[in-house]
Protein chains: 2
Amino acid sequence: MPFHDGFFHHNLQFSRSFTKKLNEQLAKVDLFHSQWLIVFYLNQYGCSTLVEISNYLDVEKPTVTRTVNRLEERDLIEQVPGKDKRERRIQLTESGVRTFHEAKKVVEEFERQLMSGMAQEDLEVTQRTLMFLKEKLKQL
Amino acid sequence: MPFHDGFFHHNLQFSRSFTKKLNEQLAKVDLFHSQWLIVFYLNQYGCSTLVEISNYLDVEKPTVTRTVNRLEERDLIEQVPGKDKRERRIQLTESGVRTFHEAKKVVEEFERQLMSGMAQEDLEVTQRTLMFLKEKLKQL
DNA sequence: ATAAAATAGTTACCTAGGTAACTATACAAC
DNA sequence: GTTGTATAGTTACCTAGGTAACTATTTTAT
């Protein structure tokens, strides 16, 4: 089975298509999917550093810096003073929390539509497989 | 099951990680994964237009234009005269065919390592699931 | 035959990922 | 306490995806 007619080809196409459609939906609340991921994380885990976000999302630090800057420009997050002067601790503002709740509805509806009609077992196998492959990639 | 601790989160992380590692491997033959996809396609299907490539890869035309330009600058592809003056028909050069064969080895070895130890059935379920979800996204 | 619509491709500009090299602070070893 | 090392974050620059708007052709309808 060659790569391109096969497994990875479909996976990449799905990922692109997924983020595209999610971005379309999130436009309703004026967010991009990468911004949503950080807003979600901050709502879940509270005040955090960029490195914590970077580790959670498995995305490099410069990418996090950029997206966080965008969120700050839009006053969805704010600086939190801390002891370690290297760190940049941030949290959601009131406006950020409001945006989170609005976006949550949009994302949940999007997922609901996408998941309807899917066999639960297939989803579990798929998720397990992807996690397995992700781990293997790390060891490469 | 919330989005971020779940299915889509893992899928996006896997895709990022996968292309990252594939790029590392393809650096051996001085290619990026997006370039490899086009080189592969041209080797498989011969002389093609950018729209044909765009449809096959499910990537927008401007993205294809850019990557094709890079390949042309490096003399891996060449223009093919045609009837329709709107079209830009291209094919692999001799150098492009050579690069294809070198890259093919690299990619196949990469895939072999990644796939070893995977249950064939799980892969099939995963691929089927991703294709199913991809189709559903289109209808959204 | 001509006007309208569709198609192929490009350009400009946006988000989003990556690496390499850098600064500034904190920590550890001696 | 000074020196070396590790950590947090940023900057600059690369590929890679997207949209919107455009040009230049071709096809279709009338």
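Chain letters run A, B, ... following the sequence lines, proteins first, then strands; residues in each count from 1. Because the structure is predicted, anything quoted here is derived from the model rather than measured.
- Scanning DNA chain D 5' to 3' for nucleotides with an atom closer than 4.0 angstrom to a non-hydrogen atom of chain B gives a first and last hit of D:dT15 to D:dT26.
- For the segment residues 130-140 of chain A, the set of residues with a heavy atom within less than 4.0 Å of an atom of DNA chain D is empty.
- Evaluation of the side-chain contact (heavy atoms from CB on, under 4.5 Å) rule for B:T93 yields B:E78, B:S95 as partners, not counting sequence neighbours.
- Contact check of residues 63-88 of chain A against DNA chain D (heavy atom, cut-off under 4.0 Å) returns A:T65, A:R86, A:E87, A:R88.
- Summary of the strand contacts: A:P62 and B:P62 both lie near DNA chain C, and taking for each the nucleotide with the nearest heavy atom, the more 5' one is attributed to B:P62.
- Between the side chains of B:E135 and B:Q139, no donor-acceptor pair is found at a separation under 3.5 Å.
- Not a single salt bridge (Lys or Arg N to Asp or Glu O under 4.0 Å) links A:R66 to another residue, sequence neighbours left out.
- Here B:Q25 pairs with B:K28 under the side chain to side chain donor-acceptor pair (under 3.5 Å) rule; sequence neighbours left out.
- For residues 96-108 of chain A, every residue pair satisfying the side chain to side chain donor-acceptor pair (under 3.5 Å) rule, not counting sequence neighbours, is listed here: A:K104-A:E108.
- Backbone-only contact: B:T49 has heavy atoms under 4.0 Å from sugar-phosphate atoms and none from a base.
- Residue pairs meeting the salt bridge (charged side-chain N to carboxylate O under 4.0 Å, His left out) criterion with at least one partner in residues 30-42 of chain B, sequence neighbours excluded, are B:D30-B:R74.
- Residues passing the ring pair (Phe, Tyr, Trp, His ring centres under 6.0 Å) test with B:Y41 are B:Y45, B:Y56, sequence neighbours excluded.
- Qualifying salt bridge (Lys or Arg N to Asp or Glu O under 4.0 Å) partners for B:D58, counting only residues two or more places apart in sequence or in other chains: none.
- A search for ring pair (Phe, Tyr, Trp, His ring centres under 6.0 Å) contacts involving B:F110 returns B:F18, not counting sequence neighbours.
- For the side-chain contact (heavy atoms from CB on, under 4.5 Å) test, residues two or more places apart in sequence or in another chain that qualify with A:Q79 are A:E72, A:R88.
- For A:L50 and B:H33, each mapped to the nucleotide of DNA chain D holding its nearest heavy atom, the one lying further toward the 5' end belongs to A:L50.
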